[in-house]
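Side-chain atoms are counted along with the backbone in the values below, which use heavy atoms only and exclude waters and symmetry mates.
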Amino acid sequence: MVNNNIIKMLLVLSFMIFGSGVINAQKIKNIKYFNKSELIAFPFNRTFICSTIYKANKDLKKTRQIELNYDMSILFKEDGYIEATNFGTSNKDGQTGIIYSKKGKIKVDIITLLSDRSHTIRTYNLKIVDGNIHLIEDRWIGGDNLSYLIF
């Protein structure tokens, strides 16, 4: 008969391997598209605070305002990596995300935690409007709406 302590130890080890293994496996592969010279006018090393989050339809029309109950910020570093507070989660290398240019568009990849505690990389299109950073989710992950964040 298997001892209860052995079962508990196996459960803990399984969580450590599989629970954190998902996030450790999240490599931000699009860093190869980062070219600082293409983003010469971009305000690197400046922290942006999120002011508004809402859901939008495919035409970017606001469908629902999301109440922001916590501070959310994002810092774009000169090496293409991102530091974020309350927005995304980091991989084993401490990376939260990246900024890069692909096919003439500025993109941001952020590692996010899903409701089932798994991790995914969400891609956002980045636009600068009146000095504010607008992040618009690139693709839908369930539902009919996408996330639209203004920093």
Margin query: Do Ile110 and Ile82 have side chains that approach each other closer than 4.5 Å (heavy atoms only, starting at C-beta)?
Written below: yes
Check: Can you find a pair of side-chain heavy atoms, one from Ile150 and one from Ile133, that are under 4.5 Å apart?
Finding: no
Check: When rounded to the nearest 0.5 angstrom, what distance separates CZ in Phe76 from CZ in Arg46?
Finding: 10.5 Å
Next item on the list: Establish, for the pair Lys36 and Phe44, whether the NZ or CZ atom is under 6.0 angstrom from the six-membered ring centre and no further than 45 degrees off its axis.
Entry: yes
Note to self: Quick one, Asn125 and Ile106 - any side-chain contact, counting heavy atoms below 4.5 Å?
What the structure shows: no
Next item on the list: Might you point out which heavy atoms bring Met72 and Leu149 nearest each other, and give the distance in Å?
Entry: SD-CD2, 3.8 Å
Item checked: From OG1 (Thr47) to CZ (Phe151), nearest 0.5 Å -> 11.0 Å
Note to self: For the CG atom of Leu135 and the OG atom of Ser147, what is their distance to the nearest 0.5 Å?
What the structure shows: 10.0 Å
Note to self: Ignoring hydrogens, what is the shortest heavy-atom contact between Ala56 and Thr63? Give both atom names and the distance.
What the structure shows: N-OG1, 3.8 Å
Checklist line | Heavy-atom closest pair, residues Asn30 and Ile98 | finding: C-CD1, 3.3 Å
Notebook entry, point to check: Would Tyr81 and Leu75 show up in the same hydrophobic cluster when neighbours are defined by side-chain heavy atoms closer than 4.5 Å?
Noted result: no
Notebook entry, point to check: For residues Tyr100 and Asp109, is any side-chain donor paired with an opposing acceptor at under 3.5 Å?
Noted result: yes
Checklist line | More than 12 heavy atoms of other groups within 6.0 Å of Asp130 CG | finding: no
Check: Looking only at heavy atoms, which two atoms of Asn45 and Lys77 are closest? And how far apart?
Finding: OD1-CA, 3.9 Å
Checklist line | Heavy-atom closest contact (Phe34 atom, Glu78 atom, distance) | finding: CZ-O, 3.3 Å
Note to self: With a 4.5 Å cut-off on side-chain heavy atoms, are Thr96 and Ile111 touching?
What the structure shows: no
Next item on the list: Please round to the nearest 0.5 Å and tell me the distance separating atom CD of Glu67 and atom OG1 of Thr52.
Entry: 12.5 Å
Checklist line | Contacts of type side-chain contact (heavy atoms from CB on, under 4.5 Å), residue Thr85, not counting sequence neighbours | finding: Ser73
Item checked: Euclidean distance, His134 NE2 relative to Lys127 NZ, rounded to 0.5 Å -> 9.5 Å
Checklist line | Between CD1 on residue Ile49 and CD1 on residue Ile74, distance to nearest 0.5 Å | finding: 10.5 Å
Item checked: CA sep, side-chain torsions, deciding dist, call: Lys107, Ile99, side chain to side chain contact (heavy atoms under 4.5 Å, CB included) -> CA-CA 6 Å; Lys107 302 263 189 187; Ile99 183 172; over 6 Å; no
Item checked: Shortest non-hydrogen separation from Gln65 to Tyr54 and the atoms involved -> CA-CB, 3.8 Å
